[in-house]
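Have a look at the structure below, then the notes.
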Amino acid sequence: MNEISYQEKIWQVVALIPEGNVATYGQIAELAGLPRMARAVGRTLSLLPKGTQLPWHRVINAKGQISFPVGSEAYECQKSRLEEEGITLLNGKINLKQHRWQP
DNA sequence: TCCTTGACGGAGA
DNA sequence: ATCTCCGCCAAGG
C-alpha cells in the first residue's frame, strides 16, 4: 500500500461522481477503501495535471464548503464549474442534503 | 532526523 | 454554531 495505489483508487472514485452531485473528501476516501484518509484525497487532487478530465470540482469538504481560500483563483474556478452544473452556494456553502452523491 | 503543513474529518465539550 | 483533540500521512524546510 503506497501513495501511488492510493491515487489510483481515488481517481477511480472521483471519476464516478455524477454531474450535478458533490462528494466530500472523507466520502471519497471511504469509497476508495481508505477510511480516515481524507487528507490523501486532497493531496491527490492537488497533484492533478491542469487539463485533467477528472471532475475534481465535485469534491468539497465535510462542511459543504470549497476548500480553497475564498476569492482565490482556484475557489472561483471551482465555484463556477459547480454553478454550471446547477449547484449553487448559499453563504459559501453547498447544501449537502440536496446535492450529496449517494452511490 | 525532527517539525510543520496541508484541497480533511469525526467525536466530544 | 464553534473549538479542541486526535487520527492520518506525504512533502518540504
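Chain letters run A, B, ... following the sequence lines, proteins first, then strands; residues in each count from 1.
- Along DNA chain C, the stretch of nucleotides lying under 4.0 Å from any heavy atom of chain A spans, 5' to 3', C:dG7 to C:dA10.
- When rounded to the nearest whole Å, the span between CZ of A:R81 and P of B:dA7 equals 18 Å.
- Straight-line distance between the C1' atoms of C:dG13 and B:dT1: roughly 12 Å, to the nearest whole Å.
- The side chain to side chain contact (heavy atoms under 4.5 Å, CB included) check on A:E19 picks up A:R58, A:E85, with sequence neighbours excluded.
- Sequence neighbours left out, the pairs with a member in residues 63-77 of chain A that pass side chain to side chain donor-acceptor pair (under 3.5 Å) are A:N61-A:S67.
- For A:Q78, the side-chain hydrogen bond (donor to acceptor under 3.5 Å, both in side chains) test picks out no residue, with sequence neighbours left out.
- Between the CG atom of A:L45 and the C1' atom of B:dG6 there is a distance of 13 Å, given to the nearest Å.
- Nucleotides C:dC8 and B:dG6 are separated by 12 Å at their C1' atoms, to the nearest Å.
- Residues A:W56 and A:R81 form a side-chain contact, since some pair of their non-hydrogen atoms from C-beta on lies under 4.5 Å apart.
- Counting only heavy atoms from C-beta outward, the side chains of A:T24 and A:R100 approach each other to under 4.5 Å.
- Across the P atoms, B:dT4 and C:dC5 are found 15 Å apart, a figure rounded to whole Å.
- Checked against salt bridge (charged side-chain N to carboxylate O under 4.0 Å, His left out), A:E3 has the following partners two or more places apart in sequence or in another chain: A:R43.
- For the pair A:K93 and A:E3, both in contact range of DNA chain C, the more 5′-proximal nearest nucleotide belongs to A:K93.
- Nearest heavy atom pair, residue A:A40 against residue A:I10, reads O-CD1, 3.8 Å.
- In this structure the side chain of A:N95 never reaches within 4.5 angstrom of the side chain of A:L90, judged on heavy atoms.
- Of the P atoms belonging to C:dT2 and B:dA7, the separation is 22 Å, rounded to the nearest Å.
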Are there any protein N/O atoms within less than 3.5 Å of an N/O atom in nucleotides 9-11 of chain B, and if so, which ones and at what distance?
residue : atom : partner : partner atom : Å
B:dG9   : OP1  : A:Y25   : N            : 3.3
B:dG9   : OP1  : A:G26   : N            : 3.3
B:dG9   : OP1  : A:A62   : N            : 3.1
B:dG9   : OP2  : A:A62   : N            : 2.7

